[in-house]
Amino acid sequence: KKGLNGDSTLKERYPEGIKWKFLEHKGPVFAPPYEPLPENVKFYYDGKVMKLSTKAEEVATFFAKMLDHEYTTKEIFRKNFFKDWRKEMTSEEKSTITSLSKCDFTHMSQYFKAQSEARKQMSKEEKQKIKEENERLLKEYGYCVMDNHKERIANFKIEPPGLFRGRGNHPKMGMLKRRIMPEDIIINCSKDSKIPAPPPGHKWKEVRHDNKVTWLVSWTENIQGSIKYIMLNPSSRIKGEKDWQKYETARRLKKCVDKIRNQYREDWKSKEMKVRQRAVALYFIDKLALRAGNEKEEGETADTVGCCSLRVEHIKLHPELDGQEYVVEFDFLGKDSIRYYNKVPVEKRVFKNLQLFMENKQPEDDLFDRLNTSILNKHLQDLMEGLTAKVFRTYNASITLQQQLKELTNPDDNIPAKILSYNRANRAVAILCNHQRAPPKTFEKSMMNLQSKIDAKKEQLADARRELKSAKADAKVRRDEKSKKIEEQLMKLEVQATDREENKQIALGTSKLNYLDPRISVAWCKKWGIPIEKIYNKTQREKFAWAIDMAEEDYEF
DNA sequence: CCGAATACTTAGAACCACTTCA
DNA sequence: TGAAGTGGTTCTAAGTATTCGG
């Protein structure tokens with residue numbers, strides 16, 4: 001078994017920062033070129049048919065395709081879209097089309113709806129053909145060779161042009177994401193590999209051979225000016241080892257977390273404001289699993305915060321609330337503009353410190369004005385090698401899963417009931433990390449369907465029991481078995497209903513994929529004889545192959 | 001030392017394909 | 001046989017953290 005000596009093996013595989021020795025790939029797959037609309041699909045301006053130039057038409061179709069979406073009603077979206085659209089117009093178009101509200105995209109929109117309907121109605125053969133074409137593309141471009149291993153690439157297709165859809169209240173929503181050309185692309189591969197050829201008539205921006213990074217292809221995106229990358233699939237060696245390393249770091253934190261907690265409690269009393277702020281922030285990160293909270297460029301992104309970037313307006317202090325003392329009420333938008341709302345009783349010292357930090361400040365002022373993530377992480381680095389703010393999230397998520405599994409698993413339960421316990425443990429973590437989802441649109445209906453299934457099953461059971469009672473001795477055994485089977489089915493349905501109800505607004509996937517040491521789950525499955533397929537689907541099993549390989553039933557995080 | 005650039009992980013929504021049920 | 005429901009997959013935005021360059 002690997003991993004017996006902790007994470008030393010992965011550090012020694014390559015010298016200092018070297019990620020690979022050989023890397024060969026075929027380059028990216030570009031978005032299909034724009035196909036102009038058929039002549040009979042019309043765009044209207046101010047009630048009159050207007051034929052658009054190809055470039056203007058393409059951008060118009062992006063808007064038309066989103067017409068049903070709430071986005072297109074938003075002021076900022078419309079303003080940004082219109083501004084960028086006008087840049088693509090000919091000078092005649094520019095002088096004619098001066099108001100978005102006079103543009104009528106409905107015919108275009110109907111055409112696209114009909115198209116997608118037609119796609120659904122395609123014959124088996126046609127669908128099969130498309131499937132085969134996709135498979136061919138995947139086979140040719142979806143893999144690379146990295147150091148003697150054929151590896152799956154995560155995103156080998158270049159993002160197609162379209163309208164930028166930020167999350168939350170994003171100032172750039174509706175802007176045009178331009179088409180990426182070979183001339184934008186930087187290829188990264190090894191010198192001795194077969195270098196991918198650009199499409200005929202085109203050139204790459206650059207070919208480089210940087211083995212200190214893991215990406216194969218990069219380009220600069222035009223909305224934020226940030227770099228996008230093509231990288232390997234989570235099942236790859238390079239991602240798997242990194243993932244393993246992440247959990248090993250979290251396990252090292254487990255060994256010193258008590259010391260660190262004592263330390264920050266001491267620091268609440270420090271004479272230095274900076275130290276106190278650092279200690280209170282760390283307490284939040286540890287206790288509430290808040291994100292670090294890097295600074296963001298104002299006006300470039302939605303207004304969201306993490307711990308270090310919390311503002312005075314994001315917390316309310318209640319000396320007493322609902323019979324509890326020293327309650328802090330958090331209300332802010334975090335990553336992806338997901339709301340974090342929580343009322344937390346804190347220790348008196350923390351409370352008093354917060355009062356101090358808020359003194360003479362405006363609502364929009366930083367709560368921790370002497371702190372940022374860089375200062376915090378530097379401090380954490382001194383407490384433990386490799387420790388950063390996000391390690392606390394990983395640690396607290398994984399340790400919570402382990403504890404909850406211990407607490408909730410009932411040895412006498414059958415498999416569905418044990419899986420409910422697993423999901424509940426998973427749910428405790430998702431709640432801790434504030435992983436939310438919009439309740440599925442069909443939620444109420446699907447709950448009702450499930451309930452009627454349960455009712456039907458109950459009736460079936462009642463029938464079976466009546467039959468059992470009246471059955472002759474020789475038939476009793478058979479009847480009894482039948483009742484038992486129905487009972488089991490009923491129980492399974494009820495468990496399913498409970499699970500679904502509890503999961504209405506909780507997203508389990510993110511914690512499962514990114515925060516929970518998979519070895520905890522593997523060990524739990526082994527201990528209770530649960531097939532691993534019940535916990536991890538195929539993709540997840542591929543991603544966590546290293547853990548499935550490694551963990552025995554006695555694994556301790 | 002700082003802000004900017006870079007590289008990588010984490011995130012929810014949209015989309016799609018398969019299954020189930022009427 | 002088709003519509004609905006569901007789980008899985010894809011997409012790409014939005015974070016974290018480190019490195020770079022002046």
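The figures here come from the full heavy-atom set of this structure, side chains too, leaving out hydrogens, waters and symmetry mates. Order of the sequence lines sets the chain letters (A, B, ...), proteins ahead of strands, with each chain counted from 1.
Heavy-atom nearest nucleotides on DNA chain B were determined for Arg291(A) and for Met231(A), and the one closer to the 5' end corresponds to Met231(A). Positionally, the nearest nucleotide of DNA chain B for Trp215(A) lies more toward the 5' end than for the other of Trp215(A) and Leu513(A). Along DNA chain C, the nucleotide nearest Gln540(A) and the nucleotide nearest Gly293(A) are compared for position; the residue whose nucleotide lies closer to the 5' end is Gln540(A). Along DNA chain C, the nucleotide nearest to Glu295(A) and the one nearest to Thr539(A) differ in position, and the one closer to the 5' end is contacted by Thr539(A).
Contact annotation: Asn294(A) does not reach the phosphate of dG15(C) (side-chain N/O to OP1 or OP2, under 4.0 Å).
Applying the 6.0 Å contact sphere to NZ of Lys83(A) captures no more than 12 heavy atoms from other residues, nucleotides or ligands.
Counting any heavy atom pair closer than 4.0 Å across all strands shown, Pro160(A) reaches sugar-phosphate atoms only and no base atom. Counting any heavy atom pair closer than 4.0 Å across all strands shown, Lys246(A) reaches sugar-phosphate atoms only and no base atom.
No donor-acceptor pair closer than 3.5 Å links the side chain of Gln224(A) to the backbone N or O of Ser226(A). Between the side chain of Thr61(A) and the main chain of Glu58(A), a donor-acceptor pair closer than 3.5 Å is present.
Between Trp20(A) and Ser190(A) the shortest heavy-atom distance is CZ3-CB, 3.4 Å.
In this structure, CG of Asn222(A) is placed 13 Å from P of dT12(C), rounded to the nearest angstrom.
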